Every structure is written in structure tokens, then in C-alpha cells.
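Working notes for the structure below.
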Amino acid sequence: MKHVNFERPTNKTTRNFFGPRDPILDEILRSSLLQEKMPTIQIDDNAGRILQCLVMLHKPQLIIEIGSLFGYSTIYLARGLSKSARIISFETDQNAAKLAQNNLKSANLSAQAEVVLGDALYHLRSIEKDSVDMVFIDGAKSAYPEYLKAVYPLLRTGGLLIADDIFSDGDYSKESQTETEAELRGIATYNRAVARSPRLFSALIGTETGLMISVKS
């Protein structure tokens with residue numbers, strides 16, 4: 001049997017397998033990055049497909065997302081939802097939040113996806129415990145441990161917890177120019193916490209920057 005050298009997936013290799021992005025996603029990505037000048041820190045296409053698959057398999061009724069940016073990951077998550085389910089996404093940047101809501105409208109997902117402007121840690125206080133089926137964390141890396149503390153009691157037993165950028169080789173320069181060490185500490189602390197928690201069963205998925213998947217028992 002011929003040996004095949006598998007490398008970490010990129011958007012190019014994803015397109016080699018699955019073909020071009022669908023026109024809606026491609027237009028949203030192009031307009032958000034080129035016209036609106038959003039930073040190029042959105043999830044990669046393979047990670048987006050994984051998120052959508054996980055939603056389709058897990059069948060959550062309520063998803064919480066921390067960090068909308070311009071809504072690229074939000075769209076993938078929302079596309080996997082049933083018609084009765086919804087996602088609430090938190091974003092601290094006003095321009096990004098507005099663009100995310102517009103992009104969700106373009107993707108015909110406004111009825112299921114809500115973008116809330118503000119600090120997720122503040123808004124999460126008002127959410128009922130054990131009421132959330134799935135959480136996706138992709139906010140400030142230095143705050144990952146605080147996000148974990150905030151969402152853990154909200155997540156029901158059997159709920160799914162996903163965090164992005166788990167192994168970015170220590171390079172968060174595109175996302176921050178001043179907090180690299182704080183971000184590294186935040187990611188490392190988060191990884192240790194979910195790996196050692198007796199009530200979280202966790203595994204890594206090898207996307208471009210890594211997804212940590214945890215199930216609450």
C-alpha cells in the first residue's frame with residue numbers, strides 16, 4: 001500500500017476534496033475581507049464543515065458562540081440547525097457585529113441566528129443553567145479560561161463544548177499585536193482545564209489552528 005503523507009488541512013486542500021465554496025459563502029468571504037476590510041482570522045473552510053457536521057450530528061436546540069467576527073463560523077453552525085433551533089453569537093466589535101448580522105441575512109439565516117453586541121461574559125450571566133446544548137468559543141484567546149468558567153454551568157449534561165485556535169503554533173499576531181504571551185497562557189490554561197476535568201471528555205481535531213472538542217458528562 002502506497003504511503004500517503006497527510007498534512008494539516010488548509011482551505012486549498014479542502015477545495016481539492018469538496019470543490020469550490022458555495023457562491024453565498026464565497027461572496028460573504030470576499031466582501032467581508034476585501035470590501036469591509038475585516039481581519040483574516042475567520043475559521044478555515046474545513047473547520048467550518050466540521051462545525052456544521054457536529055451540529056447535524058448533535059442536533060442542538062441552543063448554541064452559544066463567543067466571537068462572531070463577520071459571521072463566517074456562525075453561518076456554518078446555523079446551517080446545521082433544525083428549523084426550531086437557534087444560535088446566539090456574541091461580538092464586542094460594533095462594525096463586525098453589524099456585518100455579521102447582514103451576512104446572516106444574506107445567507108437566509110436571520111430567523112435562527114442572533115448576533116448580540118457586547119461582552120459575552122456579561123450577557124452569559126442571564127442564561128439559565130443547564131439550558132445550552134452546544135458552545136463554540138472563538139473570542140479573545142487570553143480570556144478562554146474565563147469563558148470556560150462562564151459557559152460550563154450553562155452547558156447541559158451531554159452538551160458539546162468546542163474551542164478554536166487550540167494549536168496555532170503560538171502565533172496570534174493576526175489577532176493581536178500586544179497580548180501574545182497572555183493569549184498563549186490563556187490557551188494553555190484552557191487546554192489543561194478541559195483535559196483534566198473529570199466531567200469533560202475531550203479530543204483534538206486537526207484543522208489549520210486546531211479545534212478542541214469536549215463533551216460534558
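A quick note: this is a predicted structure, and the numbers were derived from the prediction, not measured. Starting from 1, each residue takes its place in the sequence as its number.
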Does any part of the side chain of [Y], heavy atoms only, come nearer than 4.5 Å to the side chain of [X], both counted from C-beta?
{"X": "S82", "Y": "Q61", "value": "yes"}
{"X": "L161", "Y": "I137", "value": "yes"}
{"X": "R156", "Y": "D133", "value": "yes"}
{"X": "L154", "Y": "I64", "value": "no"}
{"X": "F90", "Y": "L124", "value": "yes"}
{"X": "V151", "Y": "V132", "value": "no"}
{"X": "E91", "Y": "T74", "value": "no"}
{"X": "N191", "Y": "F167", "value": "no"}

Determine whether [X] and [Y] fall in the same hydrophobic cluster, where Ile, Leu, Val, Met, Phe, Trp and Tyr are linked whenever their side-chain heavy atoms lie under 4.5 Å apart.
{"X": "L54", "Y": "F201", "value": "no"}
{"X": "M56", "Y": "Y76", "value": "no"}
{"X": "L117", "Y": "I66", "value": "no"}

Exercise for the section: Starting from the C-alpha separation in whole Å, work towards a yes-or-no answer on side chain to side chain contact (heavy atoms under 4.5 Å, CB included) for L99 and N103. Expected result: CA-CA 6 Å; L99 181 57; N103 287 339; 3.7 Å; yes
Using a 6.0 Å cut-off, check whether atom [atom1] of [X] has over 12 heavy atoms from anything other than its own residue.
{"X": "R86", "atom1": "CZ", "value": "no"}
{"X": "D26", "atom1": "CG", "value": "yes"}
{"X": "R30", "atom1": "CZ", "value": "no"}

Rounded to the nearest 0.5 Å, how far apart are [atom1] of [X] and [atom2] of [Y]?
{"X": "T189", "Y": "L184", "atom1": "OG1", "atom2": "CG", "value": "10.5 Å"}
{"X": "R21", "Y": "R49", "atom1": "CZ", "atom2": "CZ", "value": "11.5 Å"}
{"X": "K149", "Y": "L121", "atom1": "NZ", "atom2": "CG", "value": "10.5 Å"}
{"X": "K129", "Y": "L155", "atom1": "NZ", "atom2": "CG", "value": "13.5 Å"}
{"X": "L211", "Y": "I166", "atom1": "CG", "atom2": "CD1", "value": "8.0 Å"}
{"X": "L57", "Y": "I50", "atom1": "CG", "atom2": "CD1", "value": "11.5 Å"}

Check whether any side-chain N or O of [X] sits under 3.5 Å from a backbone N or O of [Y] as a donor-acceptor pair, and report yes or no.
{"X": "S126", "Y": "H123", "result": "yes"}
{"X": "E183", "Y": "K141", "result": "no"}
{"X": "E114", "Y": "I88", "result": "no"}

Practice task
State which residues pass side-chain contact (heavy atoms from CB on, under 4.5 Å) with D130; sequence neighbours excluded, sorted by chain then number.
Solution key: K216
Practice task
Dump the intermediate steps for side chain to side chain contact (heavy atoms under 4.5 Å, CB included) on Q52 and V55, then the final yes or no.
Solution key: CA-CA 5 Å; Q52 187 171 340; V55 173; 5.7 Å; no
Handout entry: Sequence neighbours excluded, every pair satisfying salt bridge (Lys or Arg N to Asp or Glu O under 4.0 Å) that has a member inside residues 94-104
Key = none
Problem - Positive for side chain to side chain contact (heavy atoms under 4.5 Å, CB included) with F70, one of P39, S31, S32 - result: S32
Practice task
Apply side chain to side chain contact (heavy atoms under 4.5 Å, CB included) to I28 and Q42, showing your working.
Solution key: CA-CA 12 Å; I28 285 171; Q42 76 285 345; over 6 Å; no
Verify whether one side chain among [X] and [Y] offers a donor that lies under 3.5 Å from an acceptor in the other.
{"X": "S73", "Y": "E65", "value": "yes"}
{"X": "N46", "Y": "T207", "value": "no"}
{"X": "Y72", "Y": "D45", "value": "yes"}

Exercise for the section: Just do the side chain to side chain contact (heavy atoms under 4.5 Å, CB included) check on D164 and I43 with the steps written out, would you? Expected result: CA-CA 8 Å; D164 193 25; I43 60 167; 3.5 Å; yes
Check [X] against [Y] and note the closest heavy-atom contact, atom names and distance.
{"X": "S131", "Y": "L62", "result": "O-CD2, 3.7 Å"}
{"X": "A113", "Y": "Q101", "result": "O-NE2, 3.5 Å"}
{"X": "P60", "Y": "A85", "result": "O-CB, 3.3 Å"}
{"X": "S214", "Y": "S202", "result": "OG-OG, 2.7 Å"}
{"X": "Y144", "Y": "Y190", "result": "O-CD1, 3.6 Å"}
{"X": "P198", "Y": "S217", "result": "O-OG, 4.0 Å"}

